[in-house]
Amino acid sequence: MEKSKKTLPIVLATALVSTPLVAAPQSAYAIDELSVDADDNTAGEESDYTIKFTLEDDLSAGDRIYIEFDSDFDLDDVSKSDIDTDFDNSSITVSGNRITIKVDEDLEDGDDVQIDIPGVVNPEDEGTYDVTVWTTNEDEVSEEVDIEEDGDSSSDDYDVEIDDNTEDAVTAYELGPIDLEDKLEEGKWITVTFPDEDMLPSDIDTDDVDINEYEPDDVRVDGKDVEIKIPSKADGKKTLTIKFYKSAGITNPSADDDYTINVEWKSEDYESETFDIKKSSSSSSSASSDFSVTLSDSGVGARSSYTFEADFGSRKLASDSDVIVEFPSADMVPGYLNPSDFAINGKTPRKVAPSGNKIYLTTPYSFTSSSKVKVDISYDAWLTNPKTAGSYQLKMTVDGKTITSKPFTISGTSVTPAPTPTPNPAPAAGTPAQVNNSTSTITLTNTAVGKPTGVNIAIKGVTMPLYKQRDFIEIVFPAGYRVPAYIAPANVTVNGVAANFVAVRGQNVLVYPAQDIPAGGAANVVIGAGANIINPSVKNAYSISVFTSEEKGLLFARAVGVGMPAPAQKPATPQPQPQPQPAVTVPANAALFKLNTPSFTLHGKSYPLQAAPYLANGSTTMVPAQFFKEALALTTIWNNNTVTIVSGTNQIKLTVGAKTARVNGKEVTLPAPVALKNNMPMIPIRFVTDSLGYKVGWDAKTSSVYVYR
C-alpha cells in the first residue's frame with residue numbers, strides 16, 4: 001500500500017454522513033480520512049478516480065469494501081479488471097453505481113488503503129455529488145465531489161503551502177492543485193522553478209517528492225530548477241499536486257512577501273500565488289557566522305579539552321537529535337568515547353559515536369530545544385590536537401545547517417610524547433619495531449564444550465605503540481563461540497592492570513589498555529571466566545586471532561582445543577618480521593558498517609546513518625531502515641510505525657515493536673522485534689538479507705560487517 005501522506009483532492013469538503021444503504025453494516029467504527037480524487041472534474045467527461053482512506057477496524061480475508069457513486073455518475077464503462085487496489089483481492093464486482101471488493105489478505109486498524117477506478121463518467125451537470133465508502137466492519141462515510149462545467153476548472157494560479165514560513169528554515173513545500181491544459185504523460189519531465197537557487201540542495205531523492213501522491217521516477221536539480229520525471233501512476237492526470245517533504249532539504253529564502261513558484265509542463269507556465277516568508281520572532285533568528293573554540297592545551301599533538309558554542313538561528317537542536325562535530329583530522333578522535341566526558345548545553349548526551357573525523361552527539365530525551373548549542377568535551381575524552389602546528393577550524397552541524405568555527409592556533413614543534421612504561425622505552429611515535437610473535441600463545445582456562453572459559457593471550461611484542469584509552473587490542477573469536485554483548489572492564493586485564501574499556505563487536509572483543517604499551521613491548525591479556533565467553537558446543541580445534549588498532553594486518557593466530565587436548569602451539573621458524581595472513585577479500589560492491597558507528601562505507605566513501613547499528617539480545621545485529629535504501633539501493637519506505645522493503649517481486653513488511661513480519665504476504669517470526677532509535681526503525685539485518693538473497697560477511701581487518709549480492 002502507498003505510504004500515508006497529506007492529500008489535496010479536488011473535493012471541497014469531507015463529511016461524515018449516515019446514508020441508509022441496505023448493505024451497510026451497523027457497527028461502532030467508520031473509516032477515517034476518506035479522500036476522493038478525480039483526474040478530470042469536468043461535467044460529462046470520463047475520469048479516473050482515486051479513493052483513499054484509513055481503516056478504523058481490522059479486515060480479514062473474505063471481508064468486503066464497498067464504494068458507491070451518486071446515481072448521476074455513469075459506471076457502465078468501468079471494467080473490474082482495470083480497478084487497481086494496493087492490497088490483495090479475490091474478486092471485484094461492478095453493479096450499477098456500486099463497486100464491491102472482496103479482500104484476500106488481513107488488513108489492520110490504521111492501514112492506509114488506496115483504490116484506483118478508471119473509466120467513471122462524471123455527471124452531465126455541474127454541482128456537488130457524493131461518493132460513499134464503507135466496509136464489512138465499518139459504517140459508511142461520504143465525500144463530496146465538485147463537478148464543474150467545461151472551461152470552469154482552469155485557474156491562473158495555485159496555492160503554495162509551507163510547513164514553516166520562517167526565513168532560512170528547512171521545510172516542506174506543497175504546490176497545487178494545478179489544473180493543466182494537457183494531461184500528464186509517463187516518462188516526461190515537469191520543471192519547478194524556485195525564486196532562488198540557494199533554496200535548493202545539490203540533489204533531491206525521489207522519496208522526498210510526490211506527484212499526485214506518487215513517488216516520481218527521477219528528480220534532478222539544476223540551479224533554481226527542479227526537474228521531476230512523471231511516474232506511470234500519474235499518467236493521464238489533468239490536475240497536478242507536487243509535494244516536497246522536509247527531507248528534500250529546501251531552505252526558505254530571506255523574509256519577503258512577493259515570492260512565487262513557477263511550474264512548466266508542455267511549454268505552458270503555471271505561476272503560483274504569491275507567498276510570504278517571515279523573519280523569526282526570536283531574537284536569535286539569525287545564525288552566527290562562526291564561533292570560538294577554547295582549548296585547555298594548544299600544543300601540537302597534546303591531549304586537550306574543547307569548548308565551543310554556536311547560534312543556529314531558526315534551526316533548533318531538539319531532544320533525541322544529533323549535533324555533528326567535525327574535527328580537522330580523524331587521528332584527533334579516539335576509537336572509543338564515553339558520553340560522560342561530553343556535555344550539550346550542560347546535559348550529558350544520550351549517545352556519543354565517533355566516525356572518522358566526526359563525532360555524533362545525541363541529545364537526551366529530556367533536552368530542551370534550543371538554537372544555541374554549547375558543547376563541552378572534557379580532558380578525559382582523550383581528544384588530541386593536530387600533530388602539525390598551524391591554524392585549524394571545527395565545524396558543527398544541527399538540523400542540516402553547518403557553521404564553521406573561527407580559526408584556532410596549534411603551536412609547537414613535536415607531538416607530546418606518551419609516558420614511557422617500564423621496562424621498555426617507547427620509540428618515537430609511528431616508528432615500527434621488529435618483533436617476533438612466533439612464540440606468542442593463546443590458552444583457555446576451561447576446554448569443556450559449551451562451558452564458560454577464561455582466555456589468556458601472551459603477546460611477545462606489538463609492532464606499533466599502543467597509547468592508553470585510545471588504541472586497542474582486538475581478539476577475534478571464530479564462529480561457534482558465544483561472546484556476550486557486554487564485558488565489564490574488571491573482567492579483563494592487560495599486563496596485570498584492569499582494562500580501561502572493553503568493547504564487543506559481534507565475535508570481536510576490543511580491549512583498551514589503561515597503560516601505554518611501547519613498540520616492541522609485550523602485552524599479556526587475561527580475559528576472566530566472569531566475562532562469560534562460552535566455548536563452542538562441538539568438539540574441535542578453533543583458531544583465535546589477535547590484531548591491534550595500529551597493525552596493518554594480523555598480529556598472530558593460535559588454535560585452541562575445545563573438548564579435546566589443546567593443539568600444540570609449536571614455535572614457528574623465527575622471521576625478522578612476521579608475515580600477516582591474507583585478509584578476507586571484501587567484494588567491490590559490498591556495503592560495510594560497524595556496530596555502534598552511525599555510518600556505512602560504499603565504494604570507499606563513508607555515508608552517515610541516522611542511527612548506529614547495534615547488537616540486540618547479544619546475538620542479533622540491528623541496522624536502520626535507511627541502510628537498505630542508501631547502501632543496498634533497495635526500495636525502502638518507512639515511518640515511525642511501519643517499514644516496507646521491496647526487491648524485484650519480493651516484498652517485506654515490518655511493524656515497529658513487532659516480532660513478526662510479512663514476507664510476500666506470509667507471516668514470519670523475527671529474531672528480535674523492530675525497534676525505533678532516533679526516529680529510525682531498526683531491523684534485524686540477517687532476516688532481510690536471507691529473505692532477499694544477499695550475503696553477509698565479516699572483515700576482521702576493519703572490524704566491519706559487509707553486505708553484498
Side-chain angles (χ1 to χ4, degrees), residues 320-322 336-337 339 349-355 360 362 365 477 479 482-487 503-510 590-602 606-647 652-663 667-699 702-709:
D320 195 30
S321 299
D322 285 342
Y336 167 73
L337 297 172
R350 188 171 65 82
K351 184 173 60 177
V352 177
S355 178
Y360 291 75
T362 304
Y365 296 117
F477 289 86
R482 286 160 51 195
V483 181
Y486 172 74
I487 295 177
V504 177
R505 297 177 181 172
Q507 295 291 107
N508 296 26
V509 177
L510 282 62
L592 299 92
F593 66 87
K594 296 181 180 181
L595 292 176
N596 305 316
T597 300
S599 64
F600 70 89
T601 302
L602 184 65
S606 181
Y607 302 90
L609 291 171
Q610 187 170 321
Y614 67 93
L615 205 63
N617 302 329
S619 59
T620 303
T621 301
M622 309 290 285
V623 299
Q626 175 192 5
F627 178 82
F628 300 105
K629 176 183 177 182
E630 298 180 4
L632 304 184
L634 292 171
T635 299
T636 308
I637 301 170
W638 69 84
N639 54 37
N640 285 358
N641 299 310
T642 61
V643 181
T644 300
I645 303 172
V646 179
S647 176
I652 299 174
K653 292 185 176 182
L654 307 106
T655 302
V656 173
K659 200 174 179 180
T660 59
R662 298 183 73 86
V663 179
E667 187 173 282
V668 296
T669 301
L670 300 174
V674 178
L676 193 66
K677 301 288 185 182
N678 291 352
N679 293 318
M680 173 63 65
M682 305 297 291
I683 302 167
I685 187 169
R686 287 304 291 261
F687 163 74
V688 176
T689 55
D690 290 350
S691 299
L692 300 182
Y694 281 77
K695 296 180 180 178
V696 179
W698 173 256
D699 180 24
T702 61
S703 300
S704 300
V705 177
Y706 61 89
V707 185
Y708 68 101
R709 196 171 189 176

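Given the structure is predicted, the values throughout are model-derived calculations rather than measurements.
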Kindly give the heavy-atom pair with the smallest separation between [X] and [Y], and that separation in Å.
X	Y	answer
A625	T636	O-CG2, 3.7 Å
S599	F593	O-CB, 3.9 Å
V643	I683	CG1-CD1, 3.8 Å
S704	W698	O-CE3, 3.3 Å
V656	A675	CG1-C, 4.3 Å
K594	T702	CE-O, 2.7 Å

Do [X] and [Y] have side-chain heavy atoms sitting under 4.5 Å apart?
X	Y	value
V696	T621	no
P684	M622	yes
W638	I645	no
F627	V688	no
T620	L670	no
M680	L609	no
V623	F600	no
S647	R709	yes

Calculate, to the nearest 0.5 Å, the distance between atoms [atom1] and [atom2] belonging to [X] and [Y] respectively.
X	Y	atom1	atom2	answer
T644	L634	OG1	CG	12.5 Å
I685	L632	CD1	CG	7.0 Å
Q610	E630	CD	CD	9.5 Å
L592	S703	CG	OG	11.5 Å
D320	N679	CG	CG	6.0 Å

> Run the side-chain contact (heavy atoms from CB on, under 4.5 Å) check on Y486 and V504 step by step: do they pass?
Replying inline: CA-CA 6 Å; Y486 172 74; V504 177; 5.8 Å; no
> Where do V705 and R686 land on the side-chain contact (heavy atoms from CB on, under 4.5 Å) test, with the steps shown first?
Replying inline: CA-CA 11 Å; V705 177; R686 287 304 291 261; over 6 Å; no
>> One pair to check against side-chain contact (heavy atoms from CB on, under 4.5 Å): N641 and T655. What are the steps and the verdict?
In response: CA-CA 6 Å; N641 299 310; T655 302; 5.8 Å; no
>> Does R482 have more than 12 heavy atoms from other residues, nucleotides or ligands lying within 6.0 Å of its CZ?
In response: no
